[in-house]
Every structure is written in C-alpha cells, then in structure tokens.
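Each remark here refers to the structure printed beneath this line.
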Amino acid sequence: MNSLLDRLNSAQREAVLHMDGPLLMLAGPGSGKTRVITHRIAHMIQQGVPAWSILGLTFTNKAADEMKHRLKTLVGDSHLWMGTFHSFCARLLRRYSRLVGLPENFTIYDADDAEMALKAAVKLAEVELTHITIGQLAQQISRLKNRLVTPEMLLGNAVSHDEHLIARVYPIYQQYLLRSAAVDFDDLLMHSAIMLRTSPDLRAELDRGYKYILVDEYQDTNSAQYAIIKSMSIDYPNLAVTGDPDQSIYGWRGANLNNILNFEKDFPKTKVIRLEENYRSTPEILSAADVLIQNNQRRKAKNLQATRPSGSKVRLRTYGSGRDEANDIVQQIMTACQQNGSALRDFAVLYRTNAQSRLMEVALRKAGLGYLMIGGFQFYQRKEIKDLLSYLHLLHNPSDDVAFQRVINTPPRGLGKQTLLNLEELARKHGVSLLEGAELAIDRLKLTAKAKKSLVEFLKLMDLMREESKGRLVDLLQTLITKIDYRNYLQKVRREEVDADVMENIDELLADAAELDNQELDGNPLEVFLEQAALYSETDRFDSEADRVNLMTLHAAKGLEFPYVFIIAVEQDILPHRRCREDPLQMEEERRLLFVGMTRAKEELQLSCAKSRSFRGNQNISAASMFLMELPRAEMHISDLTEQWDAYADSWDNDDTAFGDFFDRHFGSDDEVSPQRASANSKKKTATDDDLGFDQHFDQGSADVETWEDPNTSKRNTRLPTGNDRVAELLAANKLKTANDLGEDSAVAQQIPAEAFRVNAIVSHPTYGSGKITSASGKGLRRTVTVEFFGDGLSRSFVLKFAKLTLESAD
DNA sequence: GATGTTCCATTTTTT
DNA sequence: ATGGAACATC
C-alpha cells in the first residue's frame, strides 16, 4: 500500500494522507494535481472509506473519466460518483425533481434550445428587444441563475432599462421552461442549490451520504456550485478542493474567484497545501508563463518551481498573414515528425476563438495531416442530429414545446406559420402543451385538408414511436428516419455539397444509439441517451486513439498537456479580446487564459501573431498582443517572418477598390491607429511610386520586432491624424483647391492623399460643374477618376495630375 | 404554404 | 464567410 506514496513529493504526500477536514490544494500548472487527487482517493479507499461515500466533482466529463480511469489502475473498480457538476445535478434532480416542481422526465435544454425558449418567452412577455440581443439577454439571465437570483428576487429591484426588461422576461422564461418540463444548464445548478436549501432533510441526507467531497478546478466554480458543495459539507466538512487562481478563466460564466480566495475563511481549520513544483514544462516555458502572469494585480503570489531540465527557448514569431502562420506551423510540425519522430498527437494548436481554427484546418488538410478539432460546431448541435433528437425529446417529454416547434414541420409537411400560430394560441388557451394542442386542433381548428391530414399523420407517428420506444434505440431511430424520409429531405435541403458528411453524422448517431443498446443501464435508455447528448461536450473525447494534430480553444485546453504547443493569433483585440478592452478584470482573465495556454506545453512553445488577418471576409491589419510585450523577450527566440508581407501589399495595389476599403478602415475611420498599423501601411505604400508624402506622418519606426511597443500606451500618446481629418480640415480652411494643387511642389500636396478622390466623393470641374466619382484607380498623381456629372448626367474620366478637379466633399 | 432571394448581423470563451 | 431572418414569388 505504501506504493501509493512512492514517487510523490512531500507536499503531494501530505495531501494524499489528509483525510478528514477541509483541504485546500493550491496547485500550480503541471504540479501533479490529478495524480494527487486519484492517489488520495485510492488511499482513502484503502483506509476503509466506502467508495460510495466519496463524491468527485469536475469541470468536464473528460477530467472525470481520466480520474476514474487512473483510479481504476490504482484500486480497480470502485463505486464512487465522479462527474461534472452538471451531470451530478441532473442526477439529483431526476430523483428529487418533484421538490422543485418538475416531473422526473424533464428535458435538459442546450444553449440552442434555451435560446428558442427565451425567444418564445420574449414574445409572450410582449417586450421589444431593441438594444439588446437575445444572446445578451440569455447571458444576463444565465448570470443571475449562477448567482442564485430567482425571478422573484428581481421584483422591485430593477433600476435600469435592461433590468426592467430582464425582470419582465426572466419569470416568463422560467414559466415557459417549467411548463415544457425543461431545464437549461444553469437550472441544473440553481434548482439543485435551491432544493438543498429548502429541504433540510435532503440536505442532511446528502451531506451524510457523501462524507467526502472533492472538487477539481475550484477556481472556476460559481456561486450556485458553491452553494451546492457548501450545503453538503456542513455536518461532514471533509471537503477537498483543488485549484489555481491563476487559471481562473470562466469569470464570464459566473465563476467566482472568491470561492477559492476565501476558502480558508469559509471552512475553519482548513489545511492548505501548495503544490508548486512543476513536472510538466521546461524551465523556459514555465518562466515565460510566470513572468506574464506576474502582470496581474489580483492574484496570490506563487513560486513556480521547474523540475525539468532546460530545453529550447520559447519562440515568438511574427508572420505576414494568418495564412503564413498556419502554413509555417504545419511545416514545422511536418519537419518535427520527420526529424525526431514526433507523433501528430504531440502537437496542439491553441487559439482564442473558434473562428481561428479555419486557417489551420485548411493548411493541415492541404498538407494531408490529420487533425482533431475540439469544440467548434459540435456534433450534437448539427441540424440533422438536433432534428432527430428533438423527435426523441418530444417522445420522452410530450410537454417539450421547443422540441415540438423544431419538429412539427421538419421535414415540411404543410404546417405553416399561420397554422402553428393558431395551434399555439389554442394550446395556450387550454393551458396545455403544443403536442396536446395538436390533438385538440384536429377537431377545434379549422384547418386545410392538407394540414389536417398532416397533423393526424404526425400524431400517428408519435404513437408509433411510443410503441417502438419499448424496444431498442437504434430501431426507434431507424423507424423515425424512414417514416419521415429524413435522408431524402436532407438531400433536398443541402444540395450537392457535403451531404456525405451529413449522412455520416446520422450513421454516427445510429451507432451511438446501438452502442447504448448494448450497455447495461440502470435507467431508461432513451433518457440516458438524451441526457448524454445534452451534457456531452467534444472536449470529453479528445484523446481518441487516432494520431492527429489537436486544435482547440485556449479554454478547451484547460487541464490538458502536449509536448509541442502553438498559440496562434496572439494579437491585440483577439487575445486580449476586443470585448475586454475597458475592463481591467476581464483583461486579467485574458492574461490568465494565455497563461493557461502556455503552461500546457511540455517541451516546446511558440506564440505567434500575424500582421494581417482576414476577418469576416476582408483583410485587416493586426497589432501584436500587449501580452507579448510583457514576456521576457530577451530570453526568447524571436523571429519576424513577414517577408510575404510585400506580396500581400502588392495584391492590394492592383485592386483599387480593395485599397479604398483599406484606406477607409485605417485612416478614414475614427479609430485610433496604432503604430503597428500605421507603419505597416507606410511600408506598403513606400513600396510603390510617387506618393504625396502623406506617409511621412507615419513613417516613424518600422514594425520590426525590436521596436515593438506596447500598443496600449503608444496608442494613447500618439493619436494619429486620419485622412478624413485632414481633408475636412483643409476643406474648412478653404485650402483645398484643385487636384493640380496636389502637384509635387505644392505645400498642400504634402498633406492631401490623392486617395481622397475616391468613389462617391463629390467633385467639381470648371467646365462641367459638379459630379460624383463613380470609379477611381491608380495611385498618387497618376490616379484616374471617372466622374458622373450632375449637369448632363454624362461620365468623363480624368487623370488627377492634369484635370482641374476640386474636391467638394470627401464622401 | 413552399420555395427562392436578398440582406443583415454576427463571434468570445462552454457545461 | 455564412447562415438566418425578412421579404418576394410561385
């Protein structure tokens, strides 16, 4: 049994040996936390603690599975409950649903379903969503729920317009969910917490039952989760939590850092153990991450100790474009695989937002390398899967109005908007679900023959499925697919392209069902199937046997490790995300996010940014992230691979419209221009010919790595004039005359961009009067514009250098 | 009511 | 770029 304690350092051993009383493990990245947890449980079991009295709560199913797996190798099969908060709560609610007014066959709505329900609620509440989107509203309500704020608590407390709106919609949303016998993700926690609060007997029973509770990633728990754990740790405060405040990255989801910061106060006589030795990363990687995180104000200092031998320097790379970035990384991966026999699965590419995966995917596919993308559009969110599952949901829970809505006319069976509206009204009048409403409708609603027939058929289908649901899940699904001729419908909806994928997804769903059919289950298979789908996340099955490059967001990477890590698009407005700019707290969370990403790496780490990146279809100039300026750059390997930049710039030169847009975006808007942007632009322009000297304003410093400045500080100090500013100024001063004035030796010329003469600008000509520029091309004085004159409606072309054109208005 | 077309916002991160 | 919603047409 002492083998359990072998190969543990003293702090780890102390944690493993701790049994009774609260325990706080402050575990830095790579400090062997999972190992400590599993060994500790194994130790407890060996000491005679019954496994079923231990409750392990994790953040992802993946983490739970991993621990279960490791535990199995230590003590064999054991019957402890280890899972996510959400699945634990789901289980709790299934058993005690009546305590919160739900039937036990309630449905768990995913974000999509919840949004549909919210939309319905907004409609019922008869409010107008003017300046807030449905998504924002959903998030606000989610935050309230995470803080255990019920609709009643909101009454009379609303001050702002938003608060009034929420106070109005939130209760109706909750009602809607209740009537649909459904809960959203947040409800799982909130209902559980409330249930524990209002049922002292149940609380005491669970407290007694789960004598030992263990919470992983405690820094990411929110108030609802706190309430749940706390209430089960009163009589038996054997609560052990592990976490790292520096890895708190779910503040936006209501995670409350105070949970971990105040743990010692909360639970008297807490034993605190710090795990600061890092067994994962090279000293280079660890030190870079450590230097970065020290820029956070709101943290507890900690002393990360590297234990591994020195490795290669952390790389910091600048690319010309996101495409170059992706290609180079793929190149590096291939080289590494060839030269030192690395496997593809040793590599991870991490990014801030899911959208950033695309370029990597393209590059990997082009190179013929397999990849595994975690997150993004998830399997269970695909239309074809959701459609089919909605039928099952409706079958399992006939009150599920969201499922009904999704399913009733998919595939189209002639039940249109108006019919559905009538049906809805009928159901509401009778206080019944939509499905029941449908039954009523057949007699009570005047329907077209077709609609009536469809409704009858639909109800017959549901009956048939009800019959079938006693058998195997696969058969049920198969019957459904055949009856509604679903594959044919899909083929029609998505013409030609990618229908192979779609069909594969359906097959995969069938396979999932078949797999479940073969398992021994302690519950209703249909229910288990649906719940799995609802609480499943892609992160959970990331380590498939296949050898592939891993692609995922920084959030999804939490808790994982890889020999080689690339963090891409470390750029201003992406890695500190745009939405976090003003909020220092959110800014710190962004920094922690990068910290988490960096500390995933074992051997090698590369951070990169690109100077231009396409966003929503067009190329934008990017500035390096302020976080890169905070890194110990002297100790890193820095390289600037922007030689492709000029090639990109040239492609713009050939396309004047594109350049016009570019100009607008960077000089014509009121946005402040960072030095990076400005010099990037000047670099581009000086590469061409006869400029107007406009650049001189900007041509200070190159964008080379050595001159990287903190974009935040420099932005504030140097508000650069924009093209429009200057034109407006000169127009006002009546100094802007004709294009001739833009001649080389004209004083004004130094300041007027010929590009000011662009499409839609109003100009006037001594002979033809005024007109509008309808097209423009060329640079500088050779610029040619076509003007459509208001007088005779005719178009004429001019070369700026020679024509006497006067700019009347810039746009 | 179904199908086709255009326009529009949209994207932070996830159980 | 892309998919959804609003609008138009069959």
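Within every chain, numbering begins at 1; the chains are lettered A, B, ... in the order of the sequence lines, protein sequences first and strands thereafter.
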Residue pairs fulfilling side chain to side chain donor-acceptor pair (under 3.5 Å) with at least one residue in residues 110-122 of chain A, sequence neighbours excluded
A/Asp110-A/Lys386, A/Asp113-A/Lys386
At 4.0 Å (heavy atoms only), tell me whether A/Gln418 reaches a base, stays on the sugar-phosphate, or touches nothing.
sugar-phosphate
Between C1' on C/dG3 and CG on A/Asp112, what's the gap in Å once rounded to a whole number?
13 Å
Starting at CG of A/Asp184 and ending at P of B/dT15, how long is that distance when rounded to a whole Å?
15 Å
Compare side-chain N and O positions of A/Thr553 against OP1 and OP2 of B/dT14 and report whether any pair is under 4.0 Å apart.
yes
Proximity to the side chain of A/Ala556 - top-ranked nucleotide from C/dT2, B/dT14, B/dT15
B/dT14
Residue A/Asn354, side-chain atoms from C-beta onward, closest of B/dT15, C/dA1, B/dT13
B/dT13
Ring center gap for A/Tyr173 and A/Tyr170 short of 6.0 angstrom
no
5′-ward residue of the pair A/Leu593/A/Gly416 relative to DNA chain B:
A/Gly416
Which parts of residues 223-231 of chain A get close to DNA chain B, meaning a heavy atom less than 4.0 angstrom away?
none
A/Lys145 NZ to B/dT15 P: how many Å, rounded?
18 Å
Using whole Å, report how far CD1 of A/Ile134 lies from C1' of B/dC8.
17 Å
Regarding A/Gln139, tell me which of base, sugar-phosphate or nothing describes its non-hydrogen contacts under 4.0 Å with the strands shown.
base
Could you check whether A/Ile574 gets within reach of a base, just the sugar-phosphate, or nothing at all, counting any heavy atom under 4.0 Å?
nothing
What is the distance from CD of A/Glu115 to C1' of B/dT14, rounded to the nearest Å?
14 Å
Selection from B/dT11, B/dT14, B/dT15 that lies nearest to any side-chain heavy atom of A/Phe615:
B/dT11
Rounded to the nearest angstrom, tell me the gap between atom CG in A/Leu415 and atom P in B/dA2.
7 Å
Centroid-to-centroid, A/Phe88 to A/Tyr210, below 6.0 Å?
yes
So what does A/Thr419 hit on the nucleic acid, given a heavy-atom distance under 4.0 Å: a base, only sugar-phosphate, or nothing?
sugar-phosphate
So, using ring-ring contact (aromatic ring centres under 6.0 Å, His included) as the criterion, who are the partners of A/Tyr250 when residues are at least two apart?
A/Phe59, A/Trp252, A/His555
Can you tell me which residue pairs pass the salt bridge (Lys or Arg N to Asp or Glu O under 4.0 Å) test with a partner in residues 403-417 of chain A, sequence neighbours excluded?
A/Asp387-A/Arg406
Taking atom P of B/dT13 as reference, at what distance in whole Å does atom CZ of A/Phe59 sit?
16 Å
For the side chain of A/Pro412, counting heavy atoms from C-beta on, which of B/dA2, B/dT13, B/dT15 is nearest?
B/dA2
Can a side chain N or O of A/Lys62 be found less than 4.0 Å away from OP1 or OP2 on B/dT14?
no
Whole-Å gap separating C1' (B/dT11) and CD (A/Glu590)
14 Å
Please work out if A/Thr133 contacts a base, only the sugar-phosphate, or nothing of the nucleic acid, heavy-atom cut-off 4.0 Å.
sugar-phosphate
From the set B/dT14, B/dT11, B/dT13, return the single nucleotide nearest to any side-chain atom of A/Arg253.
B/dT14
A/Gly597 and A/Ile567 have their tightest heavy-atom pair at C-CD1, 3.6 Å
Give me the distance, rounded to whole Å, that separates B/dT13 from C/dG4 when you measure between the C1' atoms they each carry.
23 Å
5'-most contact on DNA chain B: A/Arg413 or A/Tyr250, nearest heavy atom basis?
A/Arg413
What I want to check is whether the side chains of A/Asp187 and A/Gln174 have a donor and an acceptor closer together than 3.5 Å.
yes
Listing request: all salt bridge (Lys or Arg N to Asp or Glu O under 4.0 Å) pairs with a residue in residues 85-95 of chain A, at least two apart in sequence or in separate chains.
A/Arg94-A/Glu527, A/Arg94-A/Glu531
Return the set of residues passing side-chain contact (heavy atoms from CB on, under 4.5 Å) with A/Leu359 (not counting sequence neighbours), or none when no residue passes.
A/Arg323, A/Ala326, A/Arg613
For A/Asn409, answer base if it contacts any base atom (sugar-phosphate contacts may also be present), sugar-phosphate if it contacts only those atoms, and nothing otherwise; contact means non-hydrogen atoms under 4.0 Å.
sugar-phosphate
